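In what follows, a structure is listed as structure tokens, so that the remarks can point back to it.
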There are 2 protein chains.
Amino acid sequence: MTYENLDAKLVNALLDNGDASLRSLAEQLDVSVTTVSNHVSALEDEGVIRGYTPKVDYDLLGYDVTAILQLKVEGSALPDITDRLRTEKQMVSVYEVTGDYDVIAIGKFTDTDGMNEQIKRLLTDPEINESNTSVVLNSVCENEQFSLEVDD
Amino acid sequence: MTYENLDAKLVNALLDNGDASLRSLAEQLDVSVTTVSNHVSALEDEGVIRGYTPKVDYDLLGYDVTAILQLKVEGSALPDITDRLRTEKQMVSVYEVTGDYDVIAIGKFTDTDGMNEQIKRLLTDPEINESNTSVVLNSVCENEQFSLEVDD
DNA sequence: TAGATACAATGACGTACGAAAATCTCGACG
DNA sequence: CGTCGAGATTTTCGTACGTCATTGTATCTA
């Protein structure tokens with residue numbers, strides 16, 4: 001088994017269960033605990049694994065509404081706008097993009113009223129020329145981290 | 001300190017560091033290890049915390065290109081399309097939405113060529129009436145999990 | 001020679017258990 | 001009608017125990 005395959009398998013195993021103990025990983029991949037420890041540490045040091053996080057179910061916490069905002073922005077104002085969006089706590093993702101719009105942002109809200117209010121407030125910004133909001137009806141999948149390819 | 005505040009603080013502490021030990025959480029929040037253990041277990045059982053996952057840096061792994069697809073789909077074909085998108089490994093998020101388009105999907109690719117090919121293949125589907133692709137120039141933030149409000 | 005492995009020692013960790021404290025329930029009484 | 005308090009329930013806490021991750025050393029392999 002090559003080094004890189006082991007790393008990919010480790011990442012995949014951790015994506016499956018971020019809590020997995022080094023021992024269980026060692027058994028699963030048929031290598032020693034020490035090797036697993038070394039490789040996982042290396043992945044963390046390299047930044048491939050940038051830490052661990054609980055998967056929080058925001059739906060259960062009352063953040064029922066997800067909205068996708070698309071904005072056309074004055075070119076020079078782009079950093080201002082993205083900065084402002086990022087500091088909005090409930091913004092999950094903010095992208096600068098090519099295409100019809102300049103910015104696409106995804107946010108989560110407790111209800112449509114709160115969403116409308118917050119979005120309205122955002123859109124008062126004179127540097128936003130045009131906007132388009134899509135409300136999510138159904139999240140087929142969200143923030144899925146896909147597994148890496150392994151050639152055996 | 002109320003029960004709910006403790007839970008919110010625990011979630012926030014774990015969002016800050018999903019690896020935090022029960023002991024460090026206990027010290028940080030000034031409660032006993034047992035209390036932390038009970039509450040974290042409860043949060044996991046309730047589904048508020050749906051598990052733990054490593055934060056994988058796909059950029060570092062060569063998935064440089066992120067694209068946002070918007071599709072108009074024959075109403076009856078919507079489940080087919082979303083199903084198919086979900087099974088595309090590199091799709092990170094797939095939403096059914098209101099607005100100009102019916103589906104918004106976010107995917108990651110190793111290069112623009114691969115992206116174009118994969119997207120072209122997807123769009124041959126006759127049930128997709130119209131599509132629009134935005135390529136991400138800059139991810140201001142991505143899949144940020146925001147912290148919960150705590151009233152002290 | 002560099003990387004992987006096995007083994008042992010140590011300190012940290014998660015969890016189960018019983019005791020103590022806090023909170024809630026609800027009828028009795030002023 | 002409002003207040004009180006005993007019993008019951010829930011929550012919290014400290015301790016103890018077995019498991020785990022980590023580290024260092026020595027051995028093996030490509």
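Small disclaimer: the values here were computed from a predicted structure and weren't measured. The chains referred to below are lettered A, B, ... by the order of the sequence lines, with proteins before strands, and numbering in each begins at 1.
Taking the salt bridge (Lys or Arg N to Asp or Glu O under 4.0 Å) definition, one finds that A:K89 meets it with nothing, sequence neighbours left out. Applying the salt bridge (Lys or Arg N to Asp or Glu O under 4.0 Å) test to B:R23 and every residue at least two apart in sequence or in another chain returns nothing.
Side chain of B:V33, nearest nucleotide from C:dT15, D:dT12, C:dA4: C:dT15.
Applying the 3.5 Å distance criterion, the base of C:dA12 shares no donor-acceptor pair with the side chain of B:R23.
Taking atom CG of residue B:N38 and atom P of nucleotide C:dT15, one finds them 10 Å apart after rounding to whole Å. Rounded to an integer number of Å, the gap from CG of B:D7 to C1' of D:dT11 is 12 Å. Atom CG in A:L25 sits about 12 Å away from atom P in D:dC20, given to the nearest Å. Counting to the nearest Å, the C1' atom of D:dT10 and the CG atom of B:L6 are 15 Å from each other.
Taking 4.0 angstrom as the limit, A:H39 places a side-chain polar atom (N or O) nearer than this to OP1 or OP2 of C:dA4. For the pair B:T34 and D:dC13, the criterion of a side-chain N or O lying under 4.0 Å from OP1 or OP2 is not met. Proximity of B:S32 to the phosphate of D:dG14: no side-chain N or O atom is located under 4.0 Å from OP1 or OP2.
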Report all side-chain donor-acceptor pairs from residues 48-63 of chain A shorter than 3.5 Å, counting only partners two or more places apart or in another chain.
| from | atom 1 | to | atom 2 | distance (Å) |
| --- | --- | --- | --- | --- |
| A:Y52 | OH | A:E44 | OE2 | 2.8 |
| A:T53 | OG1 | B:Q145 | NE2 | 3.1 |
| A:D57 | OD1 | A:D59 | N | 3.1 |
| A:D57 | OD1 | A:L60 | N | 3.0 |
| A:Y58 | OH | B:F146 | N | 2.9 |
| A:Y58 | OH | B:F146 | O | 2.6 |

Let me have the donor-acceptor pairs involving side chains of residues 96-109 of chain B, under 3.5 Å, with sequence neighbours excluded, atom names and distances please.
| from | atom 1 | to | atom 2 | distance (Å) |
| --- | --- | --- | --- | --- |
| B:E96 | OE2 | A:N138 | ND2 | 3.3 |
| B:T98 | OG1 | A:V135 | N | 3.0 |
| B:D100 | OD2 | A:N132 | ND2 | 2.9 |
| B:Y101 | OH | B:N132 | ND2 | 3.4 |
| B:D102 | OD2 | B:V73 | N | 2.8 |
| B:K108 | NZ | B:T66 | OG1 | 2.9 |
| B:K108 | NZ | B:E142 | OE1 | 3.3 |
| B:K108 | NZ | B:E142 | OE2 | 3.1 |

Side-chain donor/acceptor pairs under 3.5 Å, residues 10-22 of chain A, sequence neighbours excluded:
| from | atom 1 | to | atom 2 | distance (Å) |
| --- | --- | --- | --- | --- |
| A:N12 | OD1 | A:L148 | N | 2.6 |
| A:N12 | ND2 | A:A8 | O | 3.4 |
| A:N12 | ND2 | A:L148 | O | 2.9 |
| A:N17 | OD1 | A:D19 | N | 3.0 |
| A:S21 | OG | A:S24 | N | 3.0 |
| A:S21 | OG | A:S24 | OG | 3.3 |

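A side-chain contact (heavy atoms from CB on, under 4.5 Å) with B:V65 holds for exactly one of B:T110, B:T112, B:D113, B:N116; it is B:T112.
Residues from residues 10-22 of chain A with heavy atoms under 4.0 angstrom of DNA chain C: there are none.
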